Amino acid sequence: MYAYLGRVNEARIMLDSIGKLDVICCNAMIDGYMKFGDVGSARKLFDNMPDKNISSWNTMVSGFSNNEMIEEAKKYFDQMPKRDDVSWSAIIDGYNKGGHFKEALEVFHQMQGEEIKLNKFVLSSALNSCANVGALDQGKWIHAYIKRNRIVLDEVLGTSLVDMYAKCGRLDLSWDVFERMKHKEVFSWNAMIGGLAMHGRAEDAIELFLDMQRHEYKPNDITFVALLNACAHAGLVDKGLKYFLLIKETYNIEPTMEHYGCVVNLLGKAGYINEAEDVINSMPMKPNSVVWGALLGACRIHGNIELGEKVGEILLELEPENSIRYTLLSNIYAKAAKWDRVEKLRKLMKERGVKTMTDRSMIDLKGTVHEFKVGDSSHPQTEEIYRTLEMIIQKIKLKGHEADTSEVLFDISEEEKETSLKYHSEKIAIAFGILNTEPGTTIRVVKNLRVCEDCHSATKFISQVYKRDIIVRDRVRYHHFRNGKCSCKDFW
DNA sequence: CGTGGACACT
């Protein structure tokens, strides 16, 4: 109890006063150390324990997981003399927390080979992994498993399903689950509102927000993040501002940094850059890098070099190790053909040892997630994929697609620019999808960064030429391409 | 008397 409340020292004195190292007390103590990030003491105590039970090991595994030490968690997990359901869900959760969703799913798959029942904890963790890699088939399998085994859909598990379907591009199924959930919580409504927001369905998100209150659920701070996001994605500036003001006035919630970030994004993206800057200057807390990042993103979209440069410098100071900032600023320079500045940035990155975040796309094919990097050549089907991609590009060019090279980061010839765009990861993933799926079926791609102008245009053409629905989820929202048009209405 | 799950701003 002491350890849990953060009085780690008092807890340790009590533990020592007991005389011998009791298993249950030690486990509690280890958990306490872990919760406060004192991994060293946790490890020492664990090593000194005369008898360890399965919970001692589990506490270590989840402790490492929560302290983002996934390698250590895996090491302990592998060394366990015996594993139970808690051990498995602790390690899967560790992978999820570190953003290694694909690995989490692999472990989940491995778990199914063991004779351990899948309980609601591990199922919701696995659904979370599915949501993040866009593994719709596996998510559906889990849903079927839940039904088959008559596992009760509690608030959390139900919400995981709602979220998974929404993030895998199936708002219809997401809605089905949401409607059928007997026990809803605020966060269930938040997940559904957030799902609508991602898909650009701002009006529906607002309607659901009103509906939750008719059902006497009280919106919380996260509800407003989802709602403001919905308005931002759809460019509903007035409505967004209205709700922002209501947060405090009507709902008596103190707006958080996140809310300010949403408003800066809302205004900036819609072109109200000065207003967005005013918000930053007048907010009651010191803006963090996310808020500045929203403004920098707006500068990129609207080609505002002067402000972009100023904001970029602030960000490079705040987060010298974050490659996305450099890329964004570099994009602004590249668009304005200021190649000397681009070059200077590249040098700076090299000096500081900043590694660029590689663009990655994932596509789920019959339950296996395939992942591609820019210019990837590691896939067994590489040759066929590239042959398909070349053919696709030829075809869409005939239909009128022109390579948009304005965002290429280097001062190279137009021809080279086109080449470097051609191998963006989502293009490879889409080519892979066209190659391996039946004509007419929907292609779903999930990527880690935002889509670039060129890929966006190319995908619109592909959807038309190949008569395919293509759903691309980028870092923040969905693009549903159909018959040459995108659901984002080219506003993203 | 100990361990595991959800929604969230670039």
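Since we're looking at a predicted model, the values are computed, not measured. Hydrogens, waters and symmetry mates are skipped; everything else that's a heavy atom, side chains included, is used. Proteins come first, then strands; the chains are lettered A, B, ... in the order of their sequence lines, and each starts at number 1.
Between Lys310(A) and Glu277(A) there is a salt bridge, with a side-chain nitrogen of the basic residue lying less than 4.0 Å from a carboxylate oxygen of the acidic one. With respect to the salt-bridge test (charged N to carboxylate O, under 4.0 angstrom), the residues Glu317(A) and Arg325(A) do not qualify. A salt bridge links Lys248(A) to Glu254(A): one of the charged nitrogens lies within less than 4.0 Å of a carboxylate oxygen.
Computed from coordinates, the Ile314(A) CD1 to dT10(B) P distance equals 19 Å when rounded to whole Å. A straight line from CD1 of Ile301(A) to P of dT10(B) spans 11 Å, rounded to a whole angstrom. Between Leu45(A) atom CG and dG2(B) atom C1' the separation is 12 Å, expressed in whole Å. Nucleotide dG5(B) holds its P atom 11 Å from the CG atom of Asn119(A), rounded to whole Å. Computed from coordinates, the Met198(A) CE to dA8(B) P distance equals 7 Å when rounded to whole Å. Atom pair Asn132(A):CG and dG5(B):P shows a separation of 15 Å (rounding to whole Å applied). What separates OH of Tyr95(A) from P of dG4(B) is a distance of 19 Å, to the nearest Å. Here the C1' atom of nucleotide dC9(B) and the CG atom of Leu315(A) are 13 Å apart, to the nearest Å.
Partners of Tyr333(A) according to the side chain to side chain donor-acceptor pair (under 3.5 Å) rule, which considers only residues two or more places apart in sequence or in another chain, are Glu309(A). Every side chain to side chain donor-acceptor pair (under 3.5 Å) that Asn190(A) has, sequence neighbours left out, goes to Asn220(A), Thr223(A).
Side-chain nitrogen and oxygen atoms of Asn265(A) include at least one within less than 4.0 Å of the OP1 or OP2 phosphate oxygen of dT10(B). For the pair Asn229(A) and dC9(B), the criterion of a side-chain N or O lying under 4.0 Å from OP1 or OP2 is met. Under 4.0 angstrom from either OP1 or OP2 of dG2(B) there lies no side-chain N or O belonging to Lys35(A).
The residue Asn322(A) sits apart from the nucleic acid: no heavy atom pair falls under 4.0 Å. Lys184(A) comes within 4.0 angstrom of no nucleic acid atom, judged by non-hydrogen atoms across all strands. No engagement by Ala90(A) is indicated, since no non-hydrogen atom pair under 4.0 Å with the nucleic acid exists. At a threshold of 4.0 angstrom between heavy atoms, the contacts of Leu157(A) include nucleobase atoms, whether or not backbone atoms are also involved. Across all strands shown, Val476(A) has heavy atoms under 4.0 Å from sugar-phosphate atoms exclusively, and none from any base.
Aromatic ring centres of Phe244(A) and Phe224(A) lie farther apart than the 6.0 Å criterion allows. The distance between the ring centers of Trp88(A) and Phe77(A) falls below 6.0 angstrom.
Shown here is Lys338(A), whose NZ atom has no more than 12 heavy atoms of other residues, nucleotides or ligands within 6.0 Å. Crowding of Glu306(A) atom CD: a count of heavy atoms from other residues, nucleotides or ligands under 6.0 Å not exceeding 12.
Set against dC7(B), dG5(B), dT3(B), the side chain of Ala191(A) has dC7(B) as its closest nucleotide. Counting only heavy atoms from C-beta on, Val225(A) has its side chain closest to dC9(B) among dC9(B), dT3(B), dT10(B). Counting only heavy atoms from C-beta on, Phe187(A) has its side chain closest to dC7(B) among dC7(B), dT3(B), dG2(B). Nearest to the side chain of Ile222(A), among dA8(B), dG2(B), dG4(B), sits dA8(B). Nearest nucleotide to the side chain of Val290(A), out of dG5(B), dC9(B), dT3(B): dC9(B). Considering only side-chain atoms of Ser55(A), the nucleotide from dG2(B), dG4(B), dG5(B) that sits closest is dG2(B). Between dT10(B), dG5(B), dC9(B), one nucleotide has an atom nearer to the side chain of Lys120(A) than all others, and that is dG5(B). Considering only side-chain atoms of Cys262(A), the nucleotide from dT10(B), dC9(B), dG2(B) that sits closest is dC9(B).
Below the 3.5 angstrom threshold, one finds a donor paired with an acceptor across the side chain of Asp154(A) and the base of dG5(B).
Taking every heavy atom of residues 121-129 of chain A and every atom of DNA chain B, pairs under 4.0 Å involve Phe121(A), Ser124(A), Ser125(A), Asn128(A), by number.
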